[in-house]
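The chains referred to below are lettered A, B, ... by the order of the sequence lines, with proteins before strands, and numbering in each begins at 1.
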Amino acid sequence: MNRALQTLVDRGFIKACTDWDALSALMDKESVTFYVGADPTGKSLHIGHMVPFFAMHHLQLAGHNPIALVGGGTAMIGDPSGKTELRKMLTPEEVASNCASIKEQLGTVVDFSEVPEPGVGKAVMLNNADWLTNLNYIDFLREIGRHFSVNRMLTFESYKARLERGLSFIEFNYQLLQSYDFLTLYRDHGCRLQIGGDDQWGNIVAGIDLIRKTESAECYGLTFNLIARSDGQKMGKSEKGAVFLDPTLFSPYDFYQYWRNVNDEDAIRFLKLFTFLPLDEIAQYEKEGVNVNDAKARLAYEQTAIIHGVEEAEKARTAAQAMFGSANLGSEGRDGMPTLELEKERLEAGIPVLELFSMTDLAATNSDARRLVNGGGAWIGDAKIGDPKSVIDLSYLDEFGELLLRAGKKRYFRVVVK
RNA sequence: GGAGAGGUUCCCGAGCGGCCAAAGGGGGCAGACUGUAAAUCUGUUGGUUACACCUUCGAAGGUUCGAAUCCUUCUCUCUCCA
């Protein structure tokens, strides 16, 4: 099998391919242009969206040319695949602004530079709004719509599920538009391969069929396993909500912690999928007697470095080591921690604990803080706060002149007095 | 267009005149146990100047001493028929 293809198989990406032999042969022969679609439904991607783009990274390194297609046009519609409800429609302005931030985020794993390194594929980003928004309805039906059989579409799992609950006509069109995307990319950019999540299988196959009918050309599809955590939780969801890539929505420290806390069974699998470490290096962590926690720490570091940069990864790691390791909470460990600044006068006058905690992310409201204190989970430095009426003043400052608030064992917040 | 069913707290889902800030489950948070894991057990889960008060049961009115519960209008969703 083709080397690049084999890499994806070995790292655990692949679920299915429309034609292994033909695709492998094609990739051996030439640089293949391929694409992945991303829907700009939010202002930030979360890690669950990233799987196809990590795969894109590997293929790009092998010399194939990625197209990251932002669905500025299709986002106006909504894909019924995998959804149980009609998703809300976005305004054109929202879509445009989302597209811009998504491009930036994808830059962390895909190299969009004008002149890539020798041997590395050339990547571009396109937006299907460019060809979808001005489509003429009648022309579209005559050229594209006639190739689609409703009977066939209804047999697709993604539509079947929705028929139970109701499926609007607008969503029913999604497959046609995505197929048209593939056709357009084939015509204008010579794109031969579409990759995507397993939920996209139906849409990808439909696109391949359309190209075969209209252009008499053979294109290919490759789908990835939907990555789920071993506890059944959806990837990218955490108690804090979705694990967004945008540091203002999900801090690099929390991001690091998310990976540091994955289940034992997921550690190796995720190292293969979500880092660029060579497989033989990952294999070291699978050996007998190796502490799983080392693998998790490596995973957290590598993943944070990819998304947020080496500097943030270092900070998050140092902070984590300081807090959970044997080392005392040195000042250098605190940089990566979420921080709040507080005027010295306010502390001098004394602040009720509940108010102090609710000012941080540790508690949402005073009531929330009260529950935390009553439950015995509220700490300042080494002192457990057991009385909700406690007032915090200068005497609580530690040797660094700061307050280190803690909720439970894992959630820290640093208060700097100025 | 016609007939019916329904919109309850983060989610699912009970409640159908006062004992309802609203059962139960899920999820979340905290405690115990641990390895910053999983599983398990316990507590907690609208807000506040907290043994009380305030705001919540699709929206707006109304009936009642008293409404998530009854009436009216509006709105949205689903099912069946055309």
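- Under the Watson-Crick and G-U wobble criteria, each requiring two contacts below 3.5 Å, nucleotide B:A21 is left unpaired.
- For A:N261, the listed nucleotide lying nearest its side chain is B:U36; candidates were B:A32, B:A37, B:U36.
- Atom CG in A:N263 sits about 10 Å away from atom P in B:A37, given to the nearest Å.
- The separation of B:G7 from B:U34, taken at their C1' atoms, amounts to 45 Å, rounded to a whole angstrom.
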Practice task
Could you encode protein contacts along nucleotides 40-47 of chain B as a string, one character per nucleotide from 5' to 3', using B for base contact, S for sugar-phosphate-only contact and - for no contact, with a heavy-atom cut-off of under 4.0 Å?
Solution key: ----SS-S
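- Of the inter-residue distances, the one linking A:E355 atom CD with A:T365 atom OG1 reads 12.5 Å to the nearest 0.5 angstrom.
- Using N1 to N3 plus N6-O4 or O6-N4 for Watson-Crick, or N1-O2 and O6-N3 for G-U wobble, each under 3.5 Å, B:C80 pairs with B:G2.
- The residues A:D139 and A:R142 are annotated as not salt-bridged, no charged nitrogen and carboxylate oxygen being separated by less than 4.0 angstrom.
- Projected onto RNA chain B by closest heavy-atom contact, A:N293 and A:G376 fall at different nucleotides, the more 5' of which corresponds to A:G376.
- Spacing between atom CZ of A:R269 and atom P of B:A37 amounts to 19 Å, rounded to whole angstrom units.
- With distances taken from any side-chain atom of A:Q257 to the nucleotides B:A30, B:U36, B:G35, the minimum falls on B:U36.
- For B:A37, one of the phosphate oxygens OP1 or OP2 lies less than 4.0 angstrom from a side-chain nitrogen or oxygen of A:K410.
- Searching all strands for a Watson-Crick or G-U wobble partner of B:G43 with both distances below 3.5 Å returns B:C29.
- Rounded to whole Å, atom P of B:G31 lies 9 Å from atom CH2 of A:W379.
- Nucleotides B:C70 and B:C16 have their C1' atoms positioned 10 Å apart, rounded to a whole Å.
- When the C1' atom is compared between B:C57 and B:G46, the two are found 12 Å apart, to the nearest whole Å.
- Between the NZ atom of A:K409 and the P atom of B:G35 there is a distance of 10 Å, given to the nearest Å.
- When Watson-Crick and G-U wobble pairs are counted only if both distances are under 3.5 Å, B:U48 pairs with B:A52.
- Nearest-nucleotide positions on RNA chain B for A:V292 and A:A364 put A:V292 closer to the 5' end.
- Atom C1' of B:C29 sits at a distance of 43 Å from the matching atom of B:U63, rounded to the whole Å.
- Summarising the geometry, the separation between CZ on A:R260 and P on B:U36 is reported as 7 Å, rounded to the nearest angstrom.
- Here the separation of B:C10 from B:G18, taken at their P atoms, is 24 Å to the nearest Å.
- The aromatic rings of A:F255 and A:F250 stand perpendicular to each other, their planes meeting at an angle above 60°, with 30° marking the opposite boundary.
- Judged by distance alone, the side chains of A:D181 and A:Q178 never bring a donor and an acceptor atom under 3.5 Å apart.
- Here B:C51 is in the syn range [glycosidic angle within 90° of 0].
- Nucleic acid contact for A:A363: none, since no nucleic acid atom lies under 4.0 Å from a heavy atom of the residue.
- B:A68 is unpaired under the Watson-Crick or G-U wobble criterion, no partner having all donor-acceptor distances under 3.5 Å.
- Between B:A50, B:A30, B:U36, one nucleotide has an atom nearer to the side chain of A:R370 than all others, and that is B:A50.
- Straight-line distance from the CD atom of A:E355 to the C1' atom of B:U49: 11 Å, rounded to whole Å.
- For B:G35, its base never sits under 3.5 Å from the side chain of A:N291 at any donor and acceptor pair.
- Ring geometry for A:F276 versus A:F54: interplanar angle of 30 to 60°, hence tilted.
- One N or O on the side chain of A:S24 and one on the backbone of A:N2 form a donor-acceptor pair closer than 3.5 Å.
- The separation of B:A67 from B:G17, taken at their C1' atoms, amounts to 6 Å, rounded to a whole angstrom.
- Taking the charged nitrogens against the carboxylate oxygens, A:E281 and A:R298 do have a contact shorter than 4.0 Å, which makes a salt bridge.
- The interatomic distance linking A:K389 (NZ) with B:A50 (C1') rounds to 8 Å, in whole Å.
- With C1' as the reference atom, B:U75 and B:U55 are 23 Å apart, rounded to whole Å.
- The side chain of A:R411 lies closest to B:C29 when the candidates are B:C29, B:A32, B:G35.
- With hydrogens and angles left out, the side-chain atoms of A:Y301 and A:E314 include a donor and acceptor closer than 3.5 Å.
- Rounded to a whole angstrom, the distance from the C1' atom of B:A21 to that of B:U69 is 16 Å.
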Practice task
For side chain to side chain donor-acceptor pair (under 3.5 Å), just list the numbers for A:T275 and A:Q303, CA-CA rounded to whole Å, side-chain angles, deciding distance to a tenth of an Å, and then say yes or no.
Solution key: CA-CA 6 Å; A:T275 75; A:Q303 172 65 192; over 6 Å; no
